[in-house]
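Only a predicted model underlies this, so the values are computations on that prediction, with no experimental measurement involved. Just so we're on the same page: letters track the sequence lines, and every chain starts at 1.
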Amino acid sequence: MPDNLLDNLNPEQREAVQYLDKPLLVLAGAGSGKTRVLIYKIAHLLQKGLVKPQEILAVTFTNKAANEMRQRAELLVESQITGMWIGTFHSICARILRKEANHIGHSRNFTIYDVDDQIKQIQRIMEFLNIDQKIVKPRQVQYVISKNKNKLKNAPDFEKAATNFIDQKIANVFWEYEAALSRNNAFDFDDLLIKPLDLFTQNENILTKYQDSLKYILVDEYQDTNRAQYHFIKMLSAKHRRICVVGDEDQSIYRWRGADIENILSFEQDFPDCKIIRLEQNYRSTQTILNAANSLVAKNQQRLGKYLWSEKEVGEQIRIIPAPSEVGEARHILKIISEMQSLGTYTLNDIAVLYRTNAQSRAIEDQLRRSKTPYKLVGGTKFYERKEIKDILAYLKLLVNPNDSVSLRRVINFPTRGIGEISIQHIENFGREKEITLYDAVMDAETIPQLSTAAKGSLKHFVDQIENFRVKISQITAYELAQEVIETFNLRSQYQHSDMFEDKARFENVNELLNSIAIFTETNADDNASLEVYLQEVSLLTDIDYWDPENNAVTLMTLHSAKGLEFPIIIITGMEDGLFPISRALENDQDLEEERRLFYVGMTRAKDHLFLLWAQRRFGFQNSEYGMAYKNVPSRFLKEIPEGYIVRPYSVQTGQEWDRNDGSNHRQTDIDFYYEDKFITLDEPLLDYSIYSVGQWVVHDDFGKGQILGIGKSGNGTKLTILFARNQLKKIIAEYANIQIVD
DNA sequence: CAGACAAGGCTTTTT
DNA sequence: GCCTTGTCTG
């Protein structure tokens with residue numbers, strides 16, 4: 001164990017590590033070594049023998065960060081750290097609920113519902129309550145319920161506040177929803193945070209137990225805590241008050257999820273005797289990048305304020321690059337990648353492409369694939385949300401928790417066993433009458449008069465199979481069980497002999513899932529290797545937890561996912577008003593400030609080079625029209641960066657600017673422009689599956705000359721959106737109309 | 001009751 | 001534009 005543990009820290013970091021007995025707020029700017037402080041603090045506490053590992057509660061933002069933190073602390077103290085409470089709020093709360101479930105009417109084998117499960121449950125309730133799902137949308141109901149639970153408002157609270165018809169309906173669903181989850185022995189994501197609060201409030205002895213045993217509390221990314229999380233740590237630290245929160249109000253980007261920036265802004269009021277330490281030296285970015293980011297975020301009103309400085313070199317200017325379209329933007333990314341690689345100091349791992357919305361990845365992926373550039377995509381369709389994976393997990397969840405009616409409904413006729421929607425209705429009605437769970441109703445299928453003999457036989461067989469497996473849970477490993485379940489119910493073989501590309505991918509995904517269960521079984525000690533723990537942990541994993549920084553490839557992800565990471569080269573795409581900042585945030589200052597913080601987070605991920613790209617036209621939804629290309633205006637944030645830090649290319653737009661409201665026949669010329677003294681031509685067709693391309697001029701028999709604004713499919717035909725003279729916007733099927741391309 | 005096809009809705013960001 | 005959902009047909 002090294003005695004000079006603290007020598008690697010700067011004075012402020014060292015002070016933060018050694019300040020132990022009172023509440024501490026560390027305001028840590030981007031790249032100022034806050035993770036370092038947390039790791040050294042854990043190591044320091046353990047090395048001095050001040051606390052035992054199981055007496056530390058350390059909350060991180062991702063599971064991945066938790067693992068890394070533990071491993072790096074282990075390196076410092078030169079021994080294994082076991083038993084420490086480290087993880088995300090959600091995983092720590094799940095751990096507590098597992099231990100204490102019986103005190104709040106659940107058992108430890110509870111199921112965790114994701115948004116998809118929640119919506120399924122809500123739909124069933126709405127069917128039961130005869131609420132028209134076209135008028136009140138289940139997705140909306142889920143959103144409202146979650147939003148309220150986030151604010152610690154329960155069904156009675158919501159009902160009291162409900163004034164209009166729709167809210168009253170939602171209130172009814174809210175009540176039923178809570179009852180259903182309770183019957184199902186299930187928690188949703190919000191419950192994981194709320195239920196421990198109920199537990200602590202209702203059982204003072206349990207609260208005391210945790211207050212006494214968790215002697216030191218550390219919270220990372222404090223600016224992104226919500227009300228429930230705030231109460232959670234406040235309750236636990238109330239007695240000993242040995243709490244250290246680390247955060248940066250300028251990086252608060254989860255307001256939409258209930259995060260309350262007030263939690264960090266008002267920490268001083270909550271803990272009047274607290275100490276505040278500012279970490280303002282940035283070790284990550286060049287002075288140019290840092291100064292530009294500082295200037296940007298200084299436009300925000302809601303902040304405590306700090307000014308980051310760096311001893312790193314001035315570095316290259318930030319490059320702003322306009323592209324004609326999202327395809328052009330993607331091609332610029334290729335150019336940047338090859339230019340950066342030609343410097344000889346960077347690998348593909350050093351490059352990340354960031355964007356505001358997941359949908360933007362498509363065009364970029366497309367170009368990367370064509371140029372055979374390896375890339376890794378974070379986010380999008382998450383692994384555990386894929387149908388084939390959810391099917392298998394639903395079987396496993398049902399085995400562990402037969403009360404879970406959402407999972408039961410998912411698998412009761414998959415693979416098909418002749419139990420259709422009508423039969424399920426009969427079973428449900430029966431269960432409701434007898435006040436028994438859906439699974440118990442299925443077990444009693446024999447006595448349900450409305451069911452056909454075939455259905456009864458099929459259900460009997462199904463129940464026998466499930467019961468058989470339930471006995472095995474305690475006898476064989478989670479991996480063996482999953483394997484047998486997959487074999488028995490044909491959950492893999494049905495994808496095996498298919499020629500379809502999707503099925504091949506599904507087959508591989510099933511193998512990958514089995515692999516992950518195998519790893520879990522191997523790496524966890526007996527009592528923690530149970531199927532129930534696996535299922536609960538897996539529900540809380542996110543895509544970033546799988547991101548492999550080693551595997552040599554460019555990383556693609558949302559700006560949100562990039563939080564906490566750093567790369568030598570950052571390319572931020574879609575710097576357009578309406579996309580970033582996103583249109584919905586333009587309406588109020590608070591949302592706009594959050595967008596600005598998000599941009600700040602993106603900029604400060606960069607160590608050496610920063611590129612900001614925008615597309616003059618972009619396909620996709622905009623102005624509530626889909627599949628259309630619209631002219632974009634560069635992001636207002638670009639103007640907020642002082643000119644000295646940026647370099648803009650010279651665009652050779654010889655013609656007038658493109659304007660879809662202008663019926664005149666000028667040709668689009670923004671395909672070509674100068675960039676850093678080089679003349680770049682993007683002369684490949686934008687969409688190579690069609691002889692048509694966006695921007696092309698065509699002649700139509702009736703409408704005359706027009707310009708193609710959008711290309712799409714309609715059945716087997718090609719649907720063209722064309723702007724003709726006198727502002728006539730027409731959608732035309734190319735194969736039926738007589739369209740000539742004008743050169 | 002299951003598969004095929006058409007219409008409708010929808011995108012911020014995620015535990 | 002895409003994906004999910006609903007409806008029609010065998």
Side-chain angles (χ1 to χ4, degrees), chain A residues 59-63 87-94 112-116 118-119 123 133-134 137-140 146 149-150 187-193 221 224-226 228-229 252-259 326 354-363 378-382 384-385 387 413-424 452 454-455 458 537 539-545 557-563 574 578-586 591 594-595 597-598 601-602 618-622 624-629 687 694 710-715 719 721 731:
Chain A
V59 188
T60 58
F61 204 67
T62 64
N63 295 289
T88 61
F89 272 107
H90 288 86
S91 66
I92 285 168
C93 287
I112 298 172
Y113 281 175
D114 64 15
V115 176
D116 192 55
Q118 292 182 60
I119 290 176
Q123 283 172 329
Q133 306 197 5
K134 286 195 187 91
K137 304 218 170 58
R139 181 177 281 278
Q140 179 72 14
S146 173
K149 288 173 81 162
N150 245 315
F187 293 122
D188 62 24
F189 286 137
D190 302 312
D191 285 333
L192 293 177
L193 304 176
E221 308 281 9
D224 280 322
T225 50
N226 66 19
Q229 293 165 338
S252 168
I253 55 174
Y254 282 98
R255 195 172 99 93
W256 53 274
R257 196 171 83 184
E326 75 270 36
L354 309 182
Y355 35 79
R356 181 62 178 76
T357 65
N358 280 306
Q360 288 168 256
S361 72
R362 198 175 289 264
V378 178
T381 340
K382 292 166 196 67
Y384 289 99
E385 286 172 14
K387 183 196 173 301
N413 201 29
F414 184 86
T416 50
R417 42 175 76 87
I419 313 294
E421 205 41 48
I422 305 293
S423 305
I424 294 173
S452 68
S458 181
E537 283 191 1
S539 304
L540 300 175
L541 287 178
T542 67
D543 241 47
I544 197 76
D545 295 323
M557 63 182 141
T558 62
L559 287 142
H560 283 88
S561 299
K563 176 170 157 142
L579 184 60
F580 192 27
I582 203 139
S583 51
R584 284 169 65 166
L586 299 177
D591 287 341
E594 177 143 313
E595 294 288 302
R597 289 193 293 267
L598 187 58
V601 167
R618 183 180 293 279
F619 269 103
F621 86 108
Q622 231 168 82
S624 68
E625 272 211 74
Y626 293 82
M628 286 284 300
L687 295 156
V694 170
I711 300 176
K713 274 182 292 187
S714 168
K719 184 173 74 183
T721 307
K731 294 194 177 182

Whole angstrom value for the distance that separates C1' of dT13(B) from CZ of Arg255(A): 13 Å
Nucleotide dT15(B), atom P - distance to CD of Glu221(A) in whole Å: 13 Å
Options dC1(B), dT15(B), dT14(B), nucleotide nearest the side-chain atoms of Val115(A): dT15(B)
Separation of atom CG in Leu192(A) from atom P in dT14(B), rounded to whole Å: 19 Å
Any Gln123(A) side-chain heavy atom under 4.5 Å of Gln133(A) side chain: yes
Check: Gly258(A) main-chain N/O paired with Asn150(A) side-chain donor or acceptor under 3.5 Å: no
5' precedence on DNA chain B between Arg584(A) and Leu541(A) (nearest-nucleotide basis): Arg584(A)
Rounded distance (Å) that lies between atom C1' of dT14(B) and atom CG of Asp224(A): 11 Å
N or O in side chain of Thr357(A) less than 4.0 angstrom from dT11(B) OP1/OP2: no
Touch class at under 4.0 angstrom, heavy-atom based, for Ser561(A) against every strand present: sugar-phosphate
N or O in side chain of Arg139(A) less than 4.0 angstrom from dT5(C) OP1/OP2: no
Among dT13(B), dC10(B), dC1(B), the nucleotide that comes nearest once only the side chain of Asn358(A) is considered: dT13(B)
Shortest side-chain distance from Ser423(A), nucleotide among dC1(B), dT15(B), dC2(C): dC1(B)
Closest to the Thr88(A) side chain, choosing from dT14(B), dT15(B), dC1(B): dT15(B)
N or O in side chain of Asn413(A) less than 4.0 angstrom from dC1(B) OP1/OP2: no
Candidate nucleotides dT15(B), dA2(B), dT11(B), ranked by approach to the side chain of Ala359(A) - the nearest: dT11(B)
Touch class at under 4.0 angstrom, heavy-atom based, for Ile544(A) against every strand present: nothing
5′-ward residue of the pair Leu193(A)/Gly420(A) relative to DNA chain B: Gly420(A)
Thr88(A) backbone acceptor or donor facing Asn63(A) side chain under 3.5 Å: no
Protein-nucleotide distance (Tyr384(A), atom OH; dT15(B), atom P), rounded to Å: 13 Å
Whole-Å gap separating P (dT13(B)) and CD (Glu595(A)): 11 Å
d(CD1, Ile112(A); C1', dT15(B)) in whole Å: 10 Å
Face-on cation placement of Lys563(A) at Tyr254(A) ring, 6.0 Å and 45° thresholds: no
Side-chain heavy-atom pair Val601(A), Leu559(A) within 4.5 angstrom cut-off: no
Any Thr558(A) side-chain nitrogen or oxygen under 4.0 Å from OP1 or OP2 of dT14(B): yes
Candidates dT15(B), dC10(B), dC1(B) - which lies nearest the side chain of Lys137(A): dC10(B)
Thr542(A) and Asp545(A): side chain donor to acceptor below 3.5 Å: yes
Nearest-angstrom distance from the residue atom CZ of Phe414(A) to C1' of dA2(B): 13 Å
pi-stack flag for Tyr254(A) and dT13(B), centroid dist under 5.5 Å, interplanar under 30°: no
